[in-house]
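In listed order, ligands and their atoms are each counted from 1.
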Amino acid sequence: MNTSTSVKWLEEAWQQGAAKTIRNAKRIKDTFPHIAPQGAYDRNDPEWWTAGFWPGLLRLVYGDAPESEAAAPLHRIAESCERQLEGCLRDPESVDHDLGFIWLLSGVANYRQTGSADGRRRGMLAANLLAARFHVRGEFIRAWNFSSSAMDTRGVAIIDSMMNLPLLYWASEQSGDPRFRWLAEAHADTVAREFIRADGSICHVVEFDPHTGQKLREHGGQGHAPGSAWARGTAWALHGFALSFRYTGEARYLETAERAADFFLAMLGEEIVPMWDFRAPAEHQVAWDSSAAAIAASGLLELAKLSPRGETYAAAGERIVRGLHEHYSSGDSAAEEGLIMQGTVHYPEGRGLNVPIIYGDYFYMEALAKLRGHAGLF
Ligand code: GLY
């Protein structure tokens with residue numbers, strides 16, 4: 001950020017997002033919002049993978065000005081969310097690979113911000129449950145728990161899981177026990193080998209034989225089809241591999257993050273927000289995903305600090321965030337609780353098309369926080 005014009009848009013964007021989050025907190029309180037299709041956020045279950053993003057958003061805003069009177073309730077609400085989330089840890093069949101999304105943004109964030117012993121304890125418990133999902137023969141962290149006629153989910157891994165690995169890296173740092181980190185690295189290596197295609201595109205879901213661990217097939221998942229390029233999955237990959245490099249210093253993760261970033265940026269071109277799948281056929285080019293743009297922007301700003309090509313990634317990340325503010329933000333509008341419009345949850349299932357989504361809002365604010373010199377929560 002080097003001109004007064006750029007600082008002005010950034011301050012305006014952050015202050016609008018922070019003010020709206022403080023206002024939203026008065027209504028949403030300690031519930032778990034997911035999407036805001038009609039202006040107001042819905043309420044979701046604490047078991048759902050998105051349950052950490054609201055406490056995470058509260059903590060981003062609280063962390064910016066912890067002494068301010070307006071921010072104080074945010075910490076209390078985030079703690080109440082965290083206590084409810086702890087209930088989910090008692091049922092190992094309701095938790096899945098997304099423990100990182102949930103606990104990095106709740107308990108671990110609380111521990112980092114306030115030194116909360118409960119936050120640390122809950123984060124370590126979540127890390128142990130995540131580690132227990134490791135498939136020894138296939139060397140991946142098992143994704144979901146549900147049963148499906150389309151695939152044997154006992155042998156399934158998904159690209160989103162890359163964002164959960166920092167919980168394992170953190171657990172090794174906290175405990176001095178390297179096992180968590182080894183599992184995370186083994187999973188990252190499997191994903192780099194089996195999910196990233198020769199042209200740099202990335203698949204969402206890979207099915208392995210649950211008994212031998214051998215790769216069986218690719219599934220389209222939330223993308224259009226096998227061989228397509230789900231935009232948010234590409235963003236998860238670029239951001240997740242950048243974080244794996246930040247925690248481990250292993251150059252192969254930086255290279256993978258750069259490949260994913262280069263593919264994302266090449267497909268995005270001059271746009272700010274991608275279509276839900278970069279390879280969606282013409283008749284399905286009707287839904288955009290601002291959450292993919294926000295996740296990618298925050299990841300690019302991470303890469304900016306890590307890569308020899310950091311200036312390119314910094315410029316690309318800032319261009320996207322500024323574009324989100326200027327063209328997709330709800331700004332000061334009292335009619336919209338969502339911060340950025342036009343995210344897409346799951347196009348193939350027709351769920352949440354062109355709506356504000358809580359993780360879009362979280363990563364938008366995380367990217368703004370990074371541009372203002374703060375760290376994100378991952
Ligand atoms: N299933 C994770 C996502 O929608 O990105």
Side-chain angles (χ1 to χ4, degrees), residues 32-37 41-42 44-54 56-57 94-105 130 133 140-146 148 150-151 153 156-167 187 191 195 201-207 218-224 228-241 243 260 264 273-278 280 287-299 338 340 342-364 366-367 378:
F32 296 95
H34 180 206
I35 58 173
Y41 263 112
D42 62 355
N44 217 304
D45 300 327
E47 288 84 8
W48 191 238
W49 75 276
T50 55
F53 291 106
W54 175 236
L57 187 52
S94 85
V95 297
D96 63 19
H97 63 284
D98 283 326
L99 283 156
F101 277 121
I102 294 172
W103 285 97
L104 286 160
L105 300 181
L130 182 58
R133 300 185 68 84
F140 60 84
I141 293 168
R142 182 194 168 179
W144 312 294
N145 302 322
F146 63 83
S148 158
M151 63 186 94
T153 59
V156 163
I158 63 176
I159 194 67
D160 335 11
S161 58
M162 287 304 302
M163 294 297 289
N164 290 292
L165 300 187
L167 181 65
H187 177 83
V191 170
F195 285 64
S201 67
I202 290 151
C203 67
H204 182 196
V205 177
V206 172
E207 182 181 357
E218 202 185 289
H219 292 267
Q222 284 166 261
H224 172 65
S228 71
W230 180 40
R232 192 160 64 248
T234 315
W236 290 141
L238 89 82
H239 199 147
F241 276 102
L243 292 171
F264 188 96
V273 164
M275 197 62 61
W276 63 282
D277 189 314
F278 289 120
W288 286 262
D289 190 6
S290 57
S291 78
I295 294 157
S298 182
I340 55 169
Q342 279 193 271
T344 287
V345 172
H346 197 317
Y347 184 88
E349 291 185 358
R351 286 195 280 118
L353 312 186
N354 298 313
V355 294
I357 312 176
I358 194 66
Y359 42 83
D361 286 0
Y362 170 83
F363 284 103
Y364 171 63
E366 184 180 84
F378 281 85

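- Interface of Asp160 with ligand 1, defined as ligand atoms under 4.0 Å from a residue heavy atom, comprises 1 (N), 2 (C), 3 (C), 5 (O).
- Using a 4.0 Å heavy-atom cutoff, Trp230 is listed among the residues neighbouring ligand 1.
- Contacts between Gln222 and ligand 1 below 4.0 angstrom, taking non-hydrogen atoms only, involve the side chain exclusively.
- Side-chain contact check for Glu366 and Ser298: at least one donor-acceptor pair (N or O, by modelled atom type) lies under 3.5 Å.
- Trp236 has its ring centre less than 6.0 Å from the ring centre of Phe363.
- Aromatic ring pairs are classed by plane angle as parallel below 30°, tilted from 30° to 60° and perpendicular above 60°; the pair Trp144 and His204 is perpendicular.
- Atoms of ligand 1 lying under 4.0 Å from at least one heavy atom of Trp49, given by number and element, are 2 (C), 3 (C), 4 (O), 5 (O).
- No donor-acceptor pair closer than 3.5 Å links the side chain of Ser291 to the backbone N or O of Tyr359.
- Protein heavy atom nearest atom 4 (O) of ligand 1, with residue, atom name and distance: Arg232 NH2, 2.6 Å.
- Residues that satisfy the salt bridge (charged side-chain N to carboxylate O under 4.0 Å, His left out) test with Asp96, not counting sequence neighbours, are absent from this structure.
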